[in-house]
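Just below is one structure, and these are the notes that go with it.
Keep in mind that the numbers below use all heavy atoms, side chains included, and drop hydrogens, waters and symmetry copies. Remember, it's 1-based here, ligands and their atoms both numbered in the order they're listed.
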Amino acid sequence: MSKREKEPVALLLEGAWVLTQNRTREVFSPGAVALRGEEIVAVGPPADLKARYQAARTLTYPQGLILPGLINAHTHAAMSLFRGLADDLPLEEWLNSYIFPAERCLNRDHVYWGTKLAVAEMLLSGTTTFCDMYLFADAVAQAVADTGIRAVVGEVLYDFPSPNYGPPAAGLIFSENLCRAWQGHPLVSIAIQPHAVYTCSPDLLQQCGELADKYKTRLIIHLSETPKEVADCQARYGVTPVAHLHRLGLLTARLVADHAVVLTEADQELLAAGGTGVAHCPESNMKLASGLAPVAELLDRGVPVGLGTDGCASNNNLDLFQEMDTAAKLQKVRYLDPTRLPATAALDLATRGGAAILGLGPQVGALTPGRKADLVVLDLNQPHLTPLYDPYSHLVYAAGGADVQTVMVNGRLVVQDRRLLTFDLEETMARARELAQGIRDCSPYVAQRFSKA
Ligand SMILES: [Zn+2]
């Protein structure tokens with residue numbers, strides 16, 4: 001070995017722990033990851049990797065835990081501008097009096113800067129990929145490209161006119177243009193995103209499905225989020241939302257069902273048979289009092305499940321460490337059984353589960369050779385993480401996004417020592433404060449509540 005030439009790599013990261021999240025959940029302690037360009041070359045004990053590779057640069061974290069970058073499987077990033085606008089209200093009042101009036105004022109500038117604000121929060125708390133559904137998705141995609149995070153992006157489509165593309169038919173054209181414009185981009189992929197079964201006609205849903213097939217991309221929809229949605233769908237179409245999509249031929253592995261809270265046994269079987277993914281958003285479901293999704297049962301049936309925060313206005317943060325903690329605990333409450341959704345399964349949701357449902361399985365979600373170098377170093381040198389017996393336990397039940405020290409996306413350092421390297425955080429926050437004034441003026445209810453920013 002000593003006489004053989006060492007293979008050159010760009011970077012070697014060493015930590016106290018490496019959690020690979022590969023098929024066998026391999027763990028190395030201490031551990032190291034070797035990178036070249038966008039990709040992971042090798043993962044293993046530091047001594048082995050140092051014997052095989054000559055690294056141009058080495059980053060050493062004696063108290064660092066290296067894990068795959070987290071994947072936020074469902075959010076509306078630019079809603080970061082609406083955080084704390086209105087809370088603790090019935091869903092209808094929350095939407096009609098606060099969120100919809102504010103959204104009617106939105107333009108491309110709001111969405112661009114609101115997305116950048118959300119990306120700053122996500123990168124600093126260890127999220128390296130997010131799936132976004134919103135208006136002005138071209139501005140979302142641009143913000144992703146400008147900040148260096150990875151994302152699946154889609155324009156929200158429905159039966160009524162949009163402040164972005166105008167009449168409903170133009171939404172499909174807008175989405176198709178997005179698919180064409182971003183094809184082959186290393187960080188941005190486009191999905192087709194009809195809003196929900198109660199805002200989209202069967203005809204629109206089928207056209208969305210055809211477009212997703214044509215571009216071999218994901219079809220993503222809010223599905224069975226609340227008891228009211230299910231009751232209304234039963235009244236209108238005579239079936240549950242899941243069965244409605246099944247009837248339309250859309251319940252396939254291409255589909256991602258956001259929320260999937262209110263499900264019958266038959267719905268769960270349909271999801272499993274279709275290979276349809278679910279994006280579980282526990283904190284949003286709790287805050288809007290939508291209910292408790294049967295995630296443990298879905299996993300038992302083999303349904304792929306990822307984890308999402310949903311928009312900031314119904315969470316109210318984008319911290320996936322908190323979301324994992326909540327997800328794990330909520331399943332224990334749902335089944336009154338503390339063995340449901342253990343820490344390892346909660347971490348799966350936020351890593352390889354999210355990658356699988358978004359169609360990014362071969363690229364991200366685990367630290368294995370050939371995958372993209374999307375990773376996080378968590379700083380274990382903290383009172384709430386000392387001592388450490390089980391890294392999965394700490395990640396899910398004790399750590400928070402603020403413990404993230406270093407983040408890489410696609411082989412590029414984007415956060416180092418808790419500082420963003422790829423764009424100006426102060427400028428982003430200043431723009432968000434400016435834009436908030438206009439948002440306040442859009443809603444008489446908000447304007448009345450407090451007079452200052
Ligand atoms: Zn949502």
task = Measure from the Zn ion (ligand 1) to each N, O or S atom of D310 and report whether any distance is below 2.8 Å.
result = yes
query = Does a donor on one side chain sit under 3.5 Å from an acceptor on the other, for D337 and T339?
reply = yes
task = Measure from the side-chain N and O atoms of E39 to the backbone N and O of K372, and report whether any donor-acceptor pair falls under 3.5 Å.
result = no
inquiry  = Can you see whether E155 engages S175 through a side-chain donor-acceptor pair at a distance of less than 3.5 angstrom?
reply    = no
key: Any side-chain donor near an acceptor of the partner, T368 and R371, under 3.5 Å   = yes
key: Contact flag H74/the Zn ion (ligand 1), N/O/S atoms, threshold under 2.8 Å   = yes
key: Whether H222 has an N, O or S atom under 2.8 Å from the Zn ion (ligand 1)   = yes
